[in-house]
Number of protein chains: 2
Amino acid sequence: MLITGGAGFVGSNLALRLLAAGADVTVVDSLIPEYGGNLFNLAPAGSAVRLNVSDVRDPFSLQQLVAGQDFLFNLAGQNSHLDAMEDPATDLDINCRAQLSILEACRRVNPEVRVVFASTRQIYGRPRYLPVDEAHPLHPVDVNGIHKLAGEAYHLLYARVYGLRACSLRLTNTIGPRMRIKDARQTFVGSWIRALLEGRPIEVWGGRQLRDLNDVEDVVDAFLLAAQSPAAIGQAYNLGADPPISLQALAEMMIELHGRGEYRIREFPENRARIDIGDYHGSFAAIRAELGWTPRHSLRETLQRTLGYFAANLAHYV
Amino acid sequence: MLITGGAGFVGSNLALRLLAAGADVTVVDSLIPEYGGNLFNLAPAGSAVRLNVSDVRDPFSLQQLVAGQDFLFNLAGQNSHLDAMEDPATDLDINCRAQLSILEACRRVNPEVRVVFASTRQIYGRPRYLPVDEAHPLHPVDVNGIHKLAGEAYHLLYARVYGLRACSLRLTNTIGPRMRIKDARQTFVGSWIRALLEGRPIEVWGGRQLRDLNDVEDVVDAFLLAAQSPAAIGQAYNLGADPPISLQALAEMMIELHGRGEYRIREFPENRARIDIGDYHGSFAAIRAELGWTPRHSLRETLQRTLGYFAANLAHYV
């Protein structure tokens with residue numbers, strides 16, 4: 001199986017799980033410093049994992065790598081909302097152009113491959129009702145969301161039109177070992193973990209907004225279920241967690257688990273306020289009913305394990 | 001004012017109307033043979049129109065051309081559903097990358113410009129109810145529709161986030177003088193007109209599907225209203241016509257107006273059936289209520305004028 005973005009946060013956790021189960025895993029990652037890829041994430045695998053450093057924007061290497069795979073976990077992407085607003089053309093190349101060339105490669109050289117695409121709750125934009133289900137209108141509020149929406153739409157289109165066995169998972173905030181904590185490019189939680197471990201106050205923008213958070217191990221479960229279920233083909237499913245939590249309550253829980261620390265409530269910076277979505281809480285009723293997925297890890301347990309991981313490995317992530 | 005795609009069907013009719021009203025008009029068109037641009041479309045303007053042959057994929061020329069304009073009518077696009085499925089990367093460049101660079105140019109060199117984007121009913125995909133209003137889910141069924149949706153979303157996003165005075169019109173099938181009739185790349189009606197004038201039978205795929213058709217002069221009215229109304233900024237409006245007509249009834253009306261001809265009902269070719277949307281009928285209640293737009297031309301009158309135009313000018317269009 002092939003994992004694009006496989007040195008990143010979710011990709012590396014997925015790779016390690018698959019390797020532990022005896023799978024033959026190839027990881028593609030560009031290792032661009034601003035993105036999620038980090039070789040240390042794959043260190044536990046040693047030489048068991050085949051690492052191919054290349055960029056999904058390179059259509060030629062992708063065609064070679066897709067050939068002969070049973071599964072493609074398609075997780076490579078540019079995920080920073082602010083970077084996408086600053087440089088929309090690069091975001092377009094990674095989140096649209098590269099996705100098209102990956103799908104064209106599948107269609108031409110490996111039409112039987114099972115594909116699971118990592119989409120995002122961001123494609124809904126500002127929620128009109130909660131919890132957000134898959135029928136919610138798709139009105140992304142930033143360039144990154146527009147491109148992620150196109151990326152998912154390609155996958156569902158290639159399933160419908162060409163019979164490609166592809167599906168999509170719409171991830172909400174995901175946390176766990178191996179996440180990017182250097183900055184807030186991947187999630188705000190990453191930068192909070194770093195602040196806490198470095199003894200700086202957590203900066204909470206706003207504070208009352210609700211979010212749901214998934215443990216990366218639960219997300220890995222969802223990828224494995226989606227890859228194997230015939231019912232998933234052509235579908236897009238929300239992940240999600242119950243209950244949602246306010247940012248302020250989350251900061252307090254993290255400080256309590258860490259045993260020390262403080263947070264400061266701050267006004268939204270102007271460039272973030274313009275693309276903020278307010279409260280978010282996703283319904284995962286569809287994937288629970290159709291694929292039997294449900295989150296197994298509590299938020300407290302996930303935060304504790306995550307803080308422990310980064311306390312032990314901080315130097316590799318900052 | 002600047003009109004991208006201004007040698008094309010809607011663009012040239014808009015340019016001629018504006019020139020007649022005394023406007024200072026620059027037309028940008030790539031004149032790529034497979035697209036809608038045709039120099040003959042602008043012949044009535046003589047030297048009154050400033051023609052700049054360049055491709056909207058060229059970010060440098062666009063930046064020069066956008067500077068100093070009061071209005072930008074943004075109509076350049078790749079519109080063939082089948083070409084987009086065959087070559088998705090080219091469609092992405094024209095309908096997404098170029099749109100981003102046009103909007104970036106506006107934001108940087110001309111943030112006060114009024115922008116009207118030519119979107120399409122295609123972004124709705126297969127209708128879930130009729131008539132389709134602007135709240136209908138956006139689920140395009142082909143690559144071209146995915147990219148048009150992104151193109152529109154950029155415009156609305158730049159309005160919301162950067163205060164750009166942009167809006168979008170979702171065109172349905174548009175007919176009139178200066179449309180592309182060489183083939184079915186722009187509309188099926190174009191290829192029907194050509195067949196009729198060349199004495200060949202009209203090929204009607206299916207036949208019972210409903211469509212609504214707008215006269216290009218009515219569409220030009222909508223662009224002018226949208227460009228001038230403060231209420232339109234940040235909005236996307238359907239155009240449309242009442243009542244819709246079946247393809248078979250349309251073929252019969254065209255033959256009657258032409259005074260001769262025949263049609264043949266054919267099965268859908270497989271590559272079209274996969275991306276067909278069934279019946280379509282759009283609601284234009286929003287633009288009627290907010291901008292006062294309503295179609296003024298009957299379908300019969302439009303068809304008669306259009307057939308007369310192409311009978312007189314056939315050699316310039318085939």
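Chain A is the first sequence line, chain B the second, and so forth, proteins listed ahead of strands; every chain is numbered from 1. Worth knowing before you read on, the calculation uses all heavy atoms, side chains too, and leaves out hydrogens, waters and symmetry mates.
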Other residues, nucleotides, ligands: >12 heavy atoms within 6.0 Å of B:Tyr129 OH: yes
Heavy-atom pair of closest approach, residues A:Pro140 and B:Arg160: O-NH2, 3.7 Å
Distance-minimising heavy-atom pair for A:Glu86 and B:Arg108: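 Distance-wise, the nearest heavy atoms are O-NH2, 4.4 Å.
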Atom group of B:Arg97 that falls short of 4.5 Å from chain A, counting heavy atoms: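 Backbone plus side chain of B:Arg97, per the 4.5 Å heavy-atom cut-off to chain A.
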Chain A contact via B:His139 - which portion, at a heavy-atom distance below 4.5 Å: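 For B:His139, side-chain heavy atoms alone lie under 4.5 Å from chain A.
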Once you round to the nearest 0.5 Å, how far does [atom1] of [X] lie from [atom2] of [Y]?
{"X": "A:Asp93", "Y": "B:Leu92", "atom1": "CG", "atom2": "CG", "answer": "8.0 Å"}
{"X": "B:Tyr158", "Y": "A:Met85", "atom1": "OH", "atom2": "CE", "answer": "6.0 Å"}
{"X": "A:Leu100", "Y": "B:Ile146", "atom1": "CG", "atom2": "CD1", "answer": "8.0 Å"}

side-chain contact (heavy atoms from CB on, under 4.5 Å) partner of B:Val143, chosen from A:Leu103, A:Val161, A:Leu157: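 The residue from A:Leu103, A:Val161, A:Leu157 that satisfies side-chain contact (heavy atoms from CB on, under 4.5 Å) with B:Val143 turns out to be A:Leu157.
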Please flag which part of [X] lies under 4.5 Å from any non-hydrogen atom of chain B: side chain, backbone, both or neither.
{"X": "A:Arg128", "answer": "neither"}
{"X": "A:His147", "answer": "side chain"}
{"X": "A:Pro137", "answer": "neither"}

Check: A:Leu138 and B:Leu149 side chains under 4.5 Å, non-hydrogen atoms: no
